[in-house]
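All remarks here apply to the structure that follows.
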Amino acid sequence: MTEQHSTGHSQGFERGTDGPKVIVAGVDGSDSSLRAVAYAAGLARRQRALLAVVYVQPVLAAGIAAGAPVADTTDEIAQGLVRDMREAAEQVKDIFDIRWEFHTFRGDAYSGLVTAADQLKADAVVVGASEQSGHRFIGSVAVRLVKAGRWPVTVVP
């Protein structure tokens, strides 16, 4: 039987060994995503983890995106979410003493969240349940994240 001792040097990145240290929460402005962020904030506070709030801006096909107003609209949504998150953080900063960051990625929601979780070395991902009825049958972003099997995924209704 061999014994292994910790030398204090990292042998590489290991997810979730002592509870989550980085929690990614996806936000899109829907009520369920805002509840997911609130849940993730509580989890981050209890675990003394970094909360990374992620908004994935949709990228439209070249033919559809020929009109700049669509891109401007998604930029306005992102800016509005940042503003809302900052205001919410200011209101609860004395209640919830957490470290948090806001990140914007571009792409479809699933790919954007996967990229975010990989780049931020997430230990856990928290998302809201899809509010689109078709997703209940076809598969939501949350279901696809769970099936990826790379992080613990919490789906908040």
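Model, not experiment: these values are computed from the prediction. Values reported hereafter were calculated over all heavy atoms of this structure, with side chains retained and with hydrogens, waters and symmetry mates removed.
Within the 4.5 Å cutoff, no side-chain heavy atoms of Arg150 are placed close to those of Val125.
Interatomic distance, CG of Asp123 versus CD of Gln47, reported as 9.5 Å (0.5 Å rounding). Summarising the geometry, atom CG belonging to Leu113 is positioned 10.5 Å from atom CZ belonging to Arg144; distances are rounded to the nearest 0.5 Å. Here the CG-OG1 distance, from Leu145 to Thr154, works out to 11.0 Å after rounding to the nearest 0.5 Å. Once rounded to the nearest 0.5 Å, the distance linking CH2 of Trp151 with CG of Asp118 reads 5.0 Å.
Partners of Ser111 by side-chain contact (heavy atoms from CB on, under 4.5 Å), not counting sequence neighbours, listed by chain and number: Asp108. For Val155, the side-chain contact (heavy atoms from CB on, under 4.5 Å) criterion is met by Val127, Ala129, Ala142, Val153, not counting sequence neighbours. Considering only residues two or more places apart in sequence or on other chains, Arg46 meets the side-chain contact (heavy atoms from CB on, under 4.5 Å) condition with Leu43.
Closest heavy-atom contact between Val22 and Ala49: N-CB, 4.3 Å. Ala40 approaches Leu51 most closely through the heavy-atom pair CB-CD1, 3.6 Å. The two residues Ala148 and Tyr110 make their nearest non-hydrogen contact at CB-OH, 3.7 Å. Taking each heavy atom of Ala44 and Ile98 in turn, the nearest pair found is C-CG2, 4.2 Å. In this structure, Val126 and Ala36 approach most closely via the heavy-atom pair CG1-O, 3.5 Å. Looking at every heavy atom in both residues, Ala52 comes nearest to Leu120 through CB-CD1, 3.7 Å.
With a 6.0 Å radius and a threshold of 12 heavy atoms from other residues, nucleotides or ligands, Tyr39 has its OH atom at or below the threshold.
Judged by distance alone, with hydrogens and angles left aside, the side-chain atoms of Arg35 form a donor-acceptor pair with the main-chain N or O of Pro157 at under 3.5 Å.
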